[in-house]
Protein chains: 2
Amino acid sequence: MQTQTRPTDIAQVAHDRIYRSLRQKIMHGELAPGQALTLRGLANTYGVSMTPVREALRRLAAEGALTLSASGRVTTPELSPERIEELAALRALIETELASRALPRAHLALIERLQSINSANAEAAVKGDAVGYIRTNLEFHRTLYLRAQAPAMLAIAETVWLQLGPTMRAVYARLTRTEAPRHHRMIIAALKAGDEPALRLAVRTDVTHGLRHLTQ
Amino acid sequence: MQTQTRPTDIAQVAHDRIYRSLRQKIMHGELAPGQALTLRGLANTYGVSMTPVREALRRLAAEGALTLSASGRVTTPELSPERIEELAALRALIETELASRALPRAHLALIERLQSINSANAEAAVKGDAVGYIRTNLEFHRTLYLRAQAPAMLAIAETVWLQLGPTMRAVYARLTRTEAPRHHRMIIAALKAGDEPALRLAVRTDVTHGLRHLTQ
DNA sequence: GCATGGCAGCAGTGATCACAAATCCGGCGC
DNA sequence: GCGCCGGATTTGTGATCACTGCTGCCATGC
C-alpha cells in the first residue's frame, strides 16, 4: 500500500510527457496549421525512441488535434470554414451549459481569480503576445468551468479547443488589442449579478465572436 | 499513383482494424463495465503483436471509451451517477442541435429509412436482444444526424455514445419492451411536421429517458 | 488462525530492427 | 525544354525483446 507513486492517477511516463507537451503547443497555437510532424524527428527532439512518440501522436489524432493522412503522415489540421463554424457552435453549446452550471457555485474568490487572469490576458493582448493571449484566454474559461463540477463536459470543451488550436493563432493575431477582455468583463458582471441569461449570452458572444468572421 | 489502397482515407492497417472492432463492441454494450483488457491477451486474440493492440487501446482510452489505471492497466469504465448525468446532458445538448440542423434536409426517403430502422429496433426489443437494440437505436440517431452535415458534432456525439456503451447494456436490459420506439415515433412525427421545437423536445426526451433513473 | 514476507508470474513500457510504402530527386529519352 | 522513369531516402508499421513494477499466492512464523 505504501507505494511511492503520485497521489494522482497521472502516469509520469515518456509518452505521456510528450503528449502533454505537444497538446499544449497545439492548444496554445504554437504550431501553424498544416505543419508536418515525423516520428523520428520528434523522437530525436524528445530524446526517446519512436514508440512513445507514436502513442502520443495517435492519441492527439484521436482527439482531433492532429490529422492523419492516408499514408500515416501526421500534420496539424487546416480547418475548413464549415468545420470552424461547427466547432464554434459546439463551443457555444457546451460552454454556455458549463457556465450555467458554474454560476450557482461562483463565489467572490473565483470572480477575483477570473479578474486577475483577465488582467494577464489584457496584458498579453497589448503586448501582441498571441500565445500568451490564447493561454490566458483559455485559462479564464477553464477556471470558470472547473466550478461546474462536470469533468466530462470540460474534457469535451477542451477537445474542441484543441481542434481549434492551430487556427486560433491566425484568428487572434488580427483582432487582439483590448478587444476580447470586454466580453470577459461581461461574463464577470453576469456572474456577480447572478444573472443566468446574461451569462449565457456573454459566453456565447465571447466564444463565437472571434470565429464568426472566419466562417464566410 | 495506381496503388491498391481504398479510395477513402481510412487506413486498413492492423491497429485500425482492432480499434474498430473494440470500439464497436464497446459502443454496442458487448463489454461489461469494469472488464479488464490485457495487451498480450488481445494480441493473441487478434493474432498480432502487442504494438498495434497498444495503439488501439490508447486511442480508445483517449476517447474515454476505456479507463487506464495508474499502473497502465486498461478496463472498461464503471461510470458514477454524476458522470452518467453529465453524459446524458451532453447527449441532449449536442443531439438536439444535430436534429435541428438535420430537420430542413430531412426528406421523405430519410424518414422512410428511419422508420425501417425503427422496425428493426422494435424487433430487437421484443426479442430481448440488448446488443441489437442498442445497435439499431444508435443507427437511428446516426442516420438522422448524418443529414445535419456536421461531422465534428457527430464525432463528439459518437464519443459520448462510446463512453456510455458499457453502461447502456445495463440500462436497456431493464426497460426494453416496445418502450423506446415511442420516442422514436415522436421524432419521426416532428420531422414530418417540420416542427423544430417538437423535434428538439422529442430528441431530448429520448436520449435522457433511459439514463435519468440511473442518476439518482 | 491470522498476518506477513518473499517469490514467481504477469502486465505495461520503451528500444531496436526488418520491412513496405510513399516521397523526392536526378537523369534519361523524346 | 519537358515529361517520365527509377532508384535512393524518408517515413510509418509491426514484431521482438529486455526491463521494471505490480499482483497474487503460498509458506512461514507468531
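Computation of the quantities below employed the complete heavy-atom set of this structure, encompassing side-chain atoms and omitting hydrogens, waters and symmetry-equivalent molecules. Just so it is clear: chains get the letters A, B, ... in the order the sequence lines come, proteins before strands, and each one is counted from 1.
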In this structure, how many angstroms lie between the [atom2] atom of [N] and the [atom1] atom of [X], rounded?
{"X": "R40(A)", "N": "dT23(C)", "atom1": "CZ", "atom2": "C1'", "value": "14 Å"}
{"X": "D16(A)", "N": "dG12(C)", "atom1": "CG", "atom2": "P", "value": "16 Å"}
{"X": "L37(A)", "N": "dT11(D)", "atom1": "CG", "atom2": "P", "value": "12 Å"}
{"X": "N44(B)", "N": "dT16(D)", "atom1": "CG", "atom2": "P", "value": "11 Å"}
{"X": "Y19(A)", "N": "dT13(C)", "atom1": "OH", "atom2": "C1'", "value": "19 Å"}
{"X": "L39(B)", "N": "dG21(D)", "atom1": "CG", "atom2": "C1'", "value": "15 Å"}
{"X": "R54(A)", "N": "dT16(C)", "atom1": "CZ", "atom2": "P", "value": "14 Å"}
{"X": "L57(A)", "N": "dT13(D)", "atom1": "CG", "atom2": "C1'", "value": "14 Å"}

(request) Classify the nucleic acid contact of L42(B) as base, sugar-phosphate or nothing, counting any heavy atom under 4.0 Å across all strands shown. (result)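 Result for L42(B) = nothing.
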(request) Could you check whether V48(B) gets within reach of a base, just the sugar-phosphate, or nothing at all, counting any heavy atom under 4.0 Å? (result)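 Contact class for V48(B): sugar-phosphate only.
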(message) By nearest atom, which of the nucleotides dA15(D), dT11(D), dC17(C) is closest to the M50(A) side chain?
(response)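 Nearest nucleotide to the side chain: dC17(C).
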(message) Given dA11(C), dG14(C), dG14(D), identify the nucleotide with an atom nearest to the side chain of A14(B).
(response)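 Output: dG14(D).
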Residues [X], [Y]: salt bridge by 4.0 Å N-O rule:
{"X": "D16(B)", "Y": "R23(B)", "value": "no"}
{"X": "R59(A)", "Y": "E55(A)", "value": "no"}
{"X": "R101(B)", "Y": "E82(A)", "value": "no"}

(message) Nearest heavy atom decides the nucleotide; on that basis, is S49(A) or S71(A) closer to the 5' end of DNA chain C?
(response)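 Its nearest nucleotide lies further toward 5', so the answer is S49(A).
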(message) Does T51(B) contact dA15(D) through a side-chain donor or acceptor facing the base, at a distance under 3.5 Å?
(response)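 In this structure, the two groups form a donor-acceptor pair.
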(message) With a 3.5 Å cut-off and heavy atoms only, can you find an N or O donor on one side and an acceptor on the other between the side chain of R73(B) and the base of dG12(C)?
(response)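 Answer is no: no donor-acceptor pair is held.
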(request) Give the ring-plane orientation class for H184(A) versus F140(A), where under 30° counts as parallel, over 60° as perpendicular and anything between as tilted. (result)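 Answer is parallel, since the angle falls under 30°.
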(message) E30(B) vs R135(B), test: salt bridge (Lys or Arg N to Asp or Glu O under 4.0 Å). Steps then yes/no.
(response) CA-CA 10 Å; E30(B) 296 178 42; R135(B) 183 172 45 75; over 6 Å; no
